[in-house]
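Letters A, B, ... are given to chains in the order of the sequence lines, protein chains preceding strands, and every chain is numbered from 1.
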Number of protein chains: 2
Amino acid sequence: MSWTVGELARLAGVTVRTLHHYDRIGLVRPSERTSAGHRSYDARDLDRLQQVLLYRELGFPLDEVATLLDDPEADPAVHLRRQHRLLRDRLERTQAMVAAVEKEMEARQMGISLTPEERFEVFGDWLPEEYAAEAEERWGDTEAWAQSQRRTAAMSKEDWQRVKAESDDVERRFAAALAAGVPADSTAAQDLAEEHRQQISRHFYDCSPEVHAGLGRMYVEDERFTAHYERVAPGLAQYVSTAVQANAARQS
Amino acid sequence: MSWTVGELARLAGVTVRTLHHYDRIGLVRPSERTSAGHRSYDARDLDRLQQVLLYRELGFPLDEVATLLDDPEADPAVHLRRQHRLLRDRLERTQAMVAAVEKEMEARQMGISLTPEERFEVFGDWLPEEYAAEAEERWGDTEAWAQSQRRTAAMSKEDWQRVKAESDDVERRFAAALAAGVPADSTAAQDLAEEHRQQISRHFYDCSPEVHAGLGRMYVEDERFTAHYERVAPGLAQYVSTAVQANAARQS
DNA sequence: CAACAGCCTGACGTCGCGTCAGGTGCAACC
DNA sequence: GGTTGCACCTGACGCGACGTCAGGCTGTTG
């Protein structure tokens, strides 16, 4: 089986020009030429092109790709494992960026502004381990934000205003309960917490009681989220946090 | 609060030259200059730079980034939502690529070769929806392959040979049981299946009985994996599949 | 006051192609 | 047998997003 440039280009999703270029620089050369001088690629050439495209996608300059692929020590399995690892890194990085954007969104909605360091930390010299651990701890349940992403992506400005109005409403009712002396672990407060949880589930992602409890902890542990609630009413951060966790406990 | 080029460059993880460039092309201009002509960036400039870097990371050419950011219709929230969606797409794409590499690894280990179309499908003109559905179905449990990735990335050639030897051993014992007339849903066959499952768990990822059952189905539904087992012994694909699913059933 | 780090503005180089321009090979249709 | 049309060929220039000097200014510290 053999392929012409055009066929291969269509197959691999690149342009003919790109294949010409790779031929010229010796990165992927067709193993044969027809009598008319046309390039003829065989299965091994496809193999190589696939490797090249993967490494390229991962950000390697072409000359480095060449030295990687021309290393006689490196059999195909080595490349697959390396690519696998690099893709995993990239996933983590992307996850961190998603988390960062979500943090910004949440912060904006609450009127909190992040520090410059926080906002750029996701760029900078990327240290995989750190983020891996943090991201996994915070966003380990990927199914959750897969959902979150799908839903929020489709939201219009009006949708967002509606969502904001809803969450403001719950906040006010929390504040009222606090003012009325309703205990944070009372059934009434837990019901509000449950409403909060279901709001998140409806608008963002499937927020399990456990995940919700985690959010609750953040409200008292991250001073900015604390400050947001404290601005609504003093003591509200702790109040909401307690109610959320009591609600999570009663559901399990 | 204000920053010099050098400070901002360090903060944002870019070079001073890049900031010069962005200034020159009008993409991110410092809102002030000192008397000496030095650039002085304020908080709003940081904001803008962050947006630029995110869009850049997502592959936008700088002039498009400029038109996006200079659109008076688009408030910050619009950008965040768009970035969020794009990052989600990228996540899916990366997941698909990871899946593709894993498929190749599995195929290689079994001595199966994939069709060119399959091998390039992950590049080509990327249609989000398709892959989203497929990838989620197959790799929905992200925790699982997060593990797989971490483990396989660290494996040496010898590790792989050992893993291969182990799995060959189980295959042979499956074949022996089949030859001896041991029923596929017998306890003995199920024990072999369980061993197989634990092997995967040890070497790749936490393979739950449900996930394992899914793999079992693939062994009879994907003709290449079927062919792999059939080459070891006729009827082995169905045999292993049945044993794996019986084992999964007994565990639940 | 000298040294040195950090800033400045050109200006040229590089990488990975895109985009013509001008020509060939070959099958199909008139 | 001509020509139309498509896919291929080889230069060659262009471009985006900086990297990398070169040559010079600034301002703080020993």
Side-chain angles (χ1 to χ4, degrees), chain A residues 1-42 45-46 48-70 123-125, chain B residues 2-42 45-46 48-70 120 123-125:
Chain A
M1 191 64 187
S2 75
W3 293 263
T4 70
V5 259
E7 286 164 2
L8 183 52
R10 239 174 304 122
L11 191 59
V14 300
T15 67
V16 169
R17 177 64 178 92
T18 299
L19 293 177
H20 283 178
H21 185 56
Y22 291 173
D23 185 3
R24 154 97 27 121
I25 67 175
L27 185 53
V28 181
R29 323 205 85 134
S31 49
E32 269 196 284
R33 292 275 188 149
T34 68
S35 55
H38 291 191
R39 291 170 179 81
S40 175
Y41 295 88
D42 69 11
D45 301 331
L46 296 215
R48 182 157 172 115
L49 178 58
Q50 193 202 0
Q51 303 282 1
V52 166
L53 293 183
L54 238 169
Y55 277 126
R56 183 188 71 165
E57 172 88 26
L58 285 166
F60 284 83
L62 297 186
D63 55 349
E64 276 184 44
V65 173
T67 63
L68 281 175
L69 292 180
D70 292 338
F123 301 109
D125 29 32
Chain B
S2 74
W3 292 263
T4 70
V5 257
E7 285 164 1
L8 182 52
R10 238 174 304 121
L11 191 59
V14 300
T15 68
V16 170
R17 179 64 177 92
T18 299
L19 294 177
H20 283 177
H21 185 56
Y22 291 174
D23 186 4
R24 155 93 29 119
I25 66 174
L27 186 53
V28 182
R29 324 205 84 134
S31 48
E32 269 197 283
R33 292 276 188 150
T34 69
S35 55
H38 291 192
R39 292 170 178 81
S40 176
Y41 295 88
D42 69 11
D45 301 331
L46 297 216
R48 182 158 172 114
L49 178 59
Q50 193 202 359
Q51 303 282 1
V52 167
L53 293 183
L54 239 168
Y55 278 125
R56 182 188 71 166
E57 172 87 27
L58 286 166
F60 284 83
L62 297 186
D63 55 351
E64 277 184 42
V65 173
T67 63
L68 281 175
L69 292 180
D70 292 337
F120 283 113
F123 301 108
D125 29 32

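A donor-acceptor distance shorter than 3.5 angstrom exists from the side chain of Arg29(B) to the backbone of Asp23(B), with no hydrogens or angles considered.
Residue Arg17(B) places none of its side-chain N or O atoms closer than 4.0 Å to OP1 or OP2 of dG10(C). Neither OP1 nor OP2 of dA7(D) sits under 4.0 Å from any side-chain N or O of Thr4(A). Of the side-chain N and O atoms in Arg56(B), one or more sit less than 4.0 angstrom from OP1 or OP2 of dC18(D). Between His38(B) and dT26(D) there is no side-chain polar atom (N or O) within less than 4.0 angstrom of OP1 or OP2. The shortest distance between the side-chain N/O atoms of Tyr22(B) and the OP1/OP2 oxygens of dC18(D) is below 4.0 Å. The phosphate of dC9(D) has OP1 or OP2 within less than 4.0 Å of a side-chain N or O from Arg39(A). OP1 or OP2 of dC18(D) has not a single side-chain nitrogen or oxygen of Thr15(B) nearer than 4.0 Å.
Put simply, CG on Leu27(B) is 13 Å from C1' on dC18(D), counting in whole angstrom units. Distance Tyr41(A) OH to dC8(D) P: 10 Å, rounded to the nearest Å. Distance His21(A) NE2 to dC13(D) P: 17 Å, rounded to the nearest Å.
Of the candidates dA17(D), dT9(C), dT10(D), dT9(C) carries the atom nearest the Arg33(B) side chain, counting heavy atoms from C-beta on. The side chain of Ala36(A) lies closest to dC26(C) when the candidates are dG16(C), dC18(D), dC26(C).
With the nearest nucleotide of DNA chain C identified for both Glu7(B) and Arg24(B), Glu7(B) has the one nearer the 5' end. Of the two residues contacting DNA chain D, namely Asp63(B) and Thr34(B), the nearest-nucleotide position lying further toward the 5' end is that of Asp63(B).
Surrounding CD of Glu32(A) are at most 12 heavy atoms belonging to other residues, nucleotides or ligands under 6.0 Å away.
A salt bridge between Asp42(A) and Arg48(A) is absent, with no side-chain N of the basic residue lying under 4.0 Å from a carboxylate O of the acidic one.
Proximity of Thr34(A) to Thr4(A): side-chain heavy atoms (C-beta onward) are nowhere separated by under 4.5 Å. Side-chain contact between His20(A) and Arg39(A): present, with at least one pair of heavy atoms (C-beta onward) separated by less than 4.5 Å.
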